[in-house]
Structures are given as C-alpha cells and as structure tokens.
Amino acid sequence: MRYLLLLIFLCTGVMAIEPTEVAVVYNAESALSKAAAERYCTVRRIPPDQMLPLFGVKRGNISRDDFEGSIMSSLLSQGRQRGLMWPAGPRNGIKLMKAMVLMPDIPLKVTELLNEQGKPVGTGQQRTEAAVDSELALLGSRFPLKGMGNNPHYKKKLPGRHERPKVLSVCRIDGPDPESVYRMINEPAAVEKTGLWGWVVVDNGGPYPAGDALMARVAELALAHHQPLFYETSRQTIAPAFPLMSQTIVYFGWYINPANGPFCATAPRDFRFARGAIACHLHSYSATNLYDGKTWVSALLKRGACVTAGNVAEPYLGPCLNYGVFYEHLLNGAQVGEAALLATPSLSWQTIVLGDPLYRPFPKGRYPYGGNPFVAWQQMSRNAGNNVSALQSEVEQKLARGLSDGLYAEIFALRCADKKDFSRAVNYFALAADRYPAGRDKLRARLFMLTAQAAAGNQSAAQAGILKLRDSSASSPYLPAIQKTVDAIVPKPKPDKKAPAQKGVPQKK
C-alpha cells in the first residue's frame, strides 16, 4: 500500500492531502451540518478529534467581529486544545492540517467594515468583505483586512509530502438541499475508484478576452487528454432547454446571471450531470446564495454536480479561480483541494470552492472494466493522434461492430467540426442521429448536423431542415433550443424600407 501511495504522489507532483490532515468544521446547532460532518468523516476515515464544532453561527453573512470571535478564535482555541497546527499559524501543534472542509450552515461571507458614518471602509479591490472560506485559508495569520492578498501557492508547485504549506486549502460541502450535500460526500469516494469518464462541455464567448482565454485553455486541455468535447464558442450561452449530453462530467462556462440554459429551474428536468461531475460558471455573483437554485453554484449542484466554485461578491476577473490551472491539475491526478489552492490567485477575497477536498476525479492509471465507451474513445484518439483520417478509420471499425454507434459518431463529428471540417462533420452527425434511439441524443445530433450543414455552405438544406424540425416539435420541451438554432441558421427578413409609416409615429428625415 505504501508503494502504491508513493506512485500516486510521484504522478501528481503535489502534496497529496491525507485524511489525517483535514479539519472538518460544522455548525453544532444544525442537525444537517453535524450529520454531514459525521458522514464525511466516516467515508474518508477522518479521525473524530479533527471535527471542530462552531456555536452561535448561522448560514448567510456574518460581521467581522462575529467572524473573529465565533469562528476564527474558536478554531484557533480548539486547534491548540487538540494539538492541531495550522499552516499560517505558530508551530504549537503536532498534527499539521493542510485542508479544511466547511459543512452545511456555516456563514458564507464576512460583511464590510463600516466607518463612523456608516460607509464601507474600503472600495473596489480594497473592500473589507470576503468569503469566510477565503479568510480561513489564512487561519492563524494576520490576514489583510482591507482588500485581497496574494496566494503564495498560485501557479506554483506545492510543498513536498512532509513539508508545511503556507496556507490552508479550504473547501465547502453545502448546497440547495440535503440530497446535494450527501451526494457531494458519497459520490467522489465511489467515482475515484475508477475515475471520471464522459463528456466535457465548455461554453465560451464572454465579454472579456481574458475570460475567453480561461475557457479556451480548458477546451485545449480536454482535447490534449483525448476527452470527448462539446466546445460552444458563440457569444451567447448554451441555448435554453438544450438537450445536453447526459454523461457530462465537466462543464465550464460564462457569462450570464442567474443560471440559464439546460441548468435553470425551467429547463427540462431530464438532464443531470454524471456522478462525480465538476461544473463551474464564471460570474461575479455566482455564489451569493447556495440554496435558492438560481445562482450558478446552487443551480449546478441541483443538477447533480459534485464540485463547483463561485464568488460571494464582485471579485473582478483576475482574482477569480483560474479554470485552466484548476482543470490541468485535476487531469494530472491532483485532489480537488490541491488543485483549487494552486488555481486561486487571491486570498482574503471572494472565491469559494464547493466539493470534497480529498476527491481525486482523474486518478492516474485507473481504468474501468465493462467496455466503457469513453475509455475506448480515449484509446482510439491516442492511437490516431492528430490524424483525423486515422481516427475516422478507428471510428468506422467500432461502428461496423455496432458498439455505441451514435456516441462514437457524435464525438468524431464534433472533433471534425472543431477542425472546420464541416462536410465530414455533417455525415457523422447524420449517422449519430440515425443510430441514437429516439430522445434527447437524437435531437441534439440533428441540431448539430443542421448547424454544420449551414457552416459547410449548404444553407438551403439546413434552413429547410431546421424549419421542418421546428414545425414538427411544437409541443417539445426542447423547442427553445430548436428555435435558437432557427435564429442562427435562417436569416431574418429585412424590413421593407418602402413600407408606410405608422400613424402618429414621428419619422426621421
């Protein structure tokens, strides 16, 4: 066993947080918080003396004075009593804690300090409000009260196995309902036994180039690791009621609020993320509420995600969690807690990460049995390299045997579309639509096929096809997605310049 652990450490190149190094903080006056803490410690075999209760706190906002008294001072005191040592604090313990996980009903945000006139002490990036999680990363240190501080581990290699990190990795397990909470506890430990396999969805096209670059990096990493990728690059988010792939394991997108597309409450309820999924949407106010089902964090958890991240207040783009760095470390075998710490530019600020810090979604060298088609695809893609024709040959061999035909055809068609090979993409989208059984997969393949057909220059066929599909889908719950495809393919009629002016409306001369 020690040899196997050593192999994991060498593969990841990071500190590898162990259960004996995780402090579990819970609200002693919340039945859900205490039960979730006990369940988490059981699942991860965390020693009971690392469960730290808080009294007199409740979820939501907390003042600076109450935070320092009810949370920070309490944790420092309990740490001294139990021999726990915090990375940023004095060496007065024998058990070094490298990570902390906050259970349900712990306060979310430390509110602004106000001056004698009742106005905020700081403004802009010098504000004093911050996520509780981000402040606790600096537990035991003199964290900045005014504005954010740099994370010493951002984009750097974490200390070795027996070295002391400079700050804590802090994650939170909480969500819109108890089902989400227990899923975040139970699924990661089960999924990491075989690894996370399925679709990666990246929704690019926000207002700033720096944000687009974050999304593009995730897409690049997915392709480099031979993962099936749906890369949406229009300036709008994924269409309302879009029939997204049910085996979606990763979603990164931006930029709109509240949650929309396949994830909002009004979208068809048949979509849920795959077990153990990672899903994040970049927005300034994506985590201001963990329970309402409208903010991105709560909506994604409601749809089955196990790991997500967001901001409790305006963070500005630069200090947000760097999705590219986060995903790269996960793909290289890191735990969620490690990857989050390496990908967070600023502390004493607004970002939180929700999920099990010990979760390792992509363990090295572990492949599931039973003919998993996503494992087969990854092997096919590795064999073919960047040669599309060689990959096509691999796909054809699978299709000839009738194995997951629609899935392989769709993955390959999207790869062709990414390479602007739209004619070939049309053929394989059509094949996917033909071989998928009736339902969301068949509809999605048809929408992709018609869009690729228009991109290939066959506008008349694409327009006729999408209008026919819309007319035959009047009662479909996916009609909004079909209509969005109509709007993209069918040109809107130009206004008649010779039309008479409406009575009573002044006309520009």
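Here the structure is a predicted model, which means the values were calculated and not measured. Numbers for residues simply follow the sequence, beginning at 1.
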Inset, instruction - Using the side chain to side chain contact (heavy atoms under 4.5 Å, CB included) rule, take L431 and L399 through it: C-alpha gap first, then chi angles, then the decisive distance, then the call. - result: CA-CA 10 Å; L431 183 59; L399 299 183; 3.2 Å; yes
Legend entry - E338 bridged to K98 by N-O distance under 4.0 Å: no
Legend entry - Test item: T295 side-chain N/O and N289 main-chain N/O as donor-acceptor pair under 3.5 Å: yes
Legend entry - pair K420-F422: side-chain heavy atoms closer than 4.5 Å: yes
Inset, instruction - List the steps and the verdict of side chain to side chain contact (heavy atoms under 4.5 Å, CB included) for L469 and L443. - result: CA-CA 9 Å; L469 179 59; L443 173 60; 3.9 Å; yes
Legend entry - 4.5 Å side-chain heavy-atom contact, C171 and I173: no
Legend entry - Pairwise side-chain contact, D270 with R440, heavy-atom cut-off 4.5 Å (strictly under): yes
Inset, instruction - Under the side chain to side chain contact (heavy atoms under 4.5 Å, CB included) rule, what do Y251 and I278 come out as? Steps first, then yes or no, please. - result: CA-CA 6 Å; Y251 163 79; I278 302 154; over 6 Å; no
Legend entry - Side-chain donor-acceptor contact under 3.5 Å, T237 with D203: no
Inset, instruction - May I ask you to decide if W197's main-chain N or O and Q247's side chain share a donor-acceptor pair within less than 3.5 Å? - result: yes
Inset, instruction - Indicate yes or no for a side-chain donor-acceptor contact from H225 to the backbone of Q227 under 3.5 Å, with no hydrogens or angles considered. - result: no
Legend entry - Side-chain donor or acceptor of E232 paired with backbone N/O of S234 under 3.5 Å: yes
Legend entry - Heavy-atom donor-acceptor pair, Y359 side chain to G276 backbone, under 3.5 Å: yes
Inset, instruction - Give the intermediate values and the outcome of ring pair (Phe, Tyr, Trp, His ring centres under 6.0 Å) for residues F230 and F242. - result: CA-CA 13 Å; F230 169 33; F242 183 80; 5.7 Å; yes
Legend entry - Sub-6.0 Å ring centroid separation between F273 and F263: yes
Legend entry - Donor-acceptor pair, side chain of R360 and main chain of G333, under 3.5 angstrom: yes
Legend entry - Any I238 side-chain heavy atom under 4.5 Å of P262 side chain: yes
Inset, instruction - State, yes or no, whether a side-chain contact exists between R172 and L108 at a heavy-atom distance under 4.5 Å. - result: yes
Inset, instruction - Enter the distance from L282:CG to W254:CH2 here, rounded to the nearest 0.5 Å. - result: 6.0 Å
Inset, instruction - Taking only Lys NZ, Arg NE, NH1 and NH2, and the carboxylate oxygens of Asp or Glu, determine whether K398 and D405 approach each other closer than 4.0 Å. - result: no
Legend entry - Any donor-acceptor N/O pair, S286 side chain to W296 backbone, under 3.5 Å: no
Inset, instruction - Hey, could you give me the NE2/CD1 distance between H226 and I411, rounded to the nearest 0.5 Å? - result: 13.5 Å
Inset, instruction - Hey, could you give me the SG/CG distance between C280 and L214, rounded to the nearest 0.5 Å? - result: 11.5 Å
Legend entry - Salt-bridge present (K364, E192; N to O < 4.0 Å): no
Legend entry - Working for side chain to side chain contact (heavy atoms under 4.5 Å, CB included), residues L136 and M100: CA-CA 8 Å; L136 288 178; M100 177 181 288; 3.9 Å; yes
Legend entry - Contacts of S33 that satisfy side chain to side chain contact (heavy atoms under 4.5 Å, CB included) - sequence neighbours left out: Y26, N27, S30, M103, P104
Legend entry - Residue pair R39, N186: steps toward the side-chain hydrogen bond (donor to acceptor under 3.5 Å, both in side chains) verdict: CA-CA 9 Å; R39 175 61 183 168; N186 295 325; 2.9 Å; yes
Legend entry - Heavy-atom neighbours of K484 NZ exceed 12 at 6.0 Å: yes
Inset, instruction - Say whether E328 and N332, considering side chains only, have a donor N or O and an acceptor N or O under 3.5 Å apart. - result: no
Inset, instruction - May I ask you to decide whether D212 forms a salt bridge with R235, counting only side-chain N to carboxylate O separations under 4.0 Å? - result: yes
Inset, instruction - May I ask you to decide if A340's main-chain N or O and T344's side chain share a donor-acceptor pair within less than 3.5 Å? - result: yes
Inset, instruction - Please say whether more than 12 non-hydrogen atoms of neighbouring residues, nucleotides or ligands are located less than 6.0 Å from CZ in R183. - result: yes
Inset, instruction - Can you establish whether the number of heavy atoms outside Y316 located under 6.0 Å from its atom OH is more than 12? - result: yes
Legend entry - Heavy-atom check, side chain of F326 versus side chain of L342, under 4.5 Å: no
Legend entry - Any donor-acceptor pair under 3.5 Å from R303 side chain to C264 backbone: yes
Legend entry - Partners meeting side chain to side chain contact (heavy atoms under 4.5 Å, CB included) with P345 (sequence neighbours left out): Y154
Inset, instruction - Taking only Lys NZ, Arg NE, NH1 and NH2, and the carboxylate oxygens of Asp or Glu, determine whether D421 and R424 approach each other closer than 4.0 Å. - result: yes
Inset, instruction - May I have the step-by-step check of side-chain hydrogen bond (donor to acceptor under 3.5 Å, both in side chains) for Y255 and H281, ending in yes or no? - result: CA-CA 7 Å; Y255 176 83; H281 188 94; over 6 Å; no
Inset, instruction - Decide yes or no on side-chain hydrogen bond (donor to acceptor under 3.5 Å, both in side chains) for Q378 and R382, but give the supporting numbers first. - result: CA-CA 6 Å; Q378 198 169 86; R382 281 200 180 99; 3.3 Å; yes
Inset, instruction - Can you establish whether the number of heavy atoms outside D471 located under 6.0 Å from its atom CG is more than 12? - result: yes
Inset, instruction - Find the distance between CD (Q350) and CG (D133) and round it off to the nearest 0.5 Å. - result: 11.0 Å
Inset, instruction - Show the numbers, then the answer: is there a side-chain hydrogen bond (donor to acceptor under 3.5 Å, both in side chains) between N311 and W349? - result: CA-CA 9 Å; N311 303 297; W349 201 230; over 6 Å; no
Legend entry - side-chain hydrogen bond (donor to acceptor under 3.5 Å, both in side chains) partner of S298, the single match among D292, T288, D177: D292
Inset, instruction - Report yes if some heavy atom in the side chain of E394 is under 4.5 Å from a heavy atom in the side chain of Q379; otherwise report no. - result: no
Inset, instruction - State plainly whether the residues E410 and R446 are in salt-bridge range, i.e. N to O under 4.0 Å. - result: no
Legend entry - Separation between OG1 of T266 and CZ of R269, rounded to the nearest 0.5 Å: 9.5 Å
Inset, instruction - Find out whether V101 and D356 are in side-chain contact, i.e. whether some heavy atom of one side chain is under 4.5 Å from a heavy atom of the other. - result: no
Inset, instruction - Starting from the C-alpha separation in whole Å, work towards a yes-or-no answer on salt bridge (charged side-chain N to carboxylate O under 4.0 Å, His left out) for E314 and R127. - result: CA-CA 10 Å; E314 173 60 68; R127 304 193 315 274; over 6 Å; no
Inset, instruction - Determine, using ring centers only, whether Y327 and F252 are less than 6.0 Å apart. - result: yes
Legend entry - salt bridge (charged side-chain N to carboxylate O under 4.0 Å, His left out) evaluation trace for R415 with D418: CA-CA 5 Å; R415 181 69 63 86; D418 288 339; 5.5 Å; no
Inset, instruction - Could you tell me whether R59 sits above the aromatic face of Y291, with NZ or CZ closer than 6.0 angstrom to the six-membered ring centre and within 45 degrees of the axis? - result: yes
Inset, instruction - Check for a donor-acceptor pair, side chain of T485 on one end and backbone N or O of A481 on the other, with a separation under 3.5 Å. - result: yes
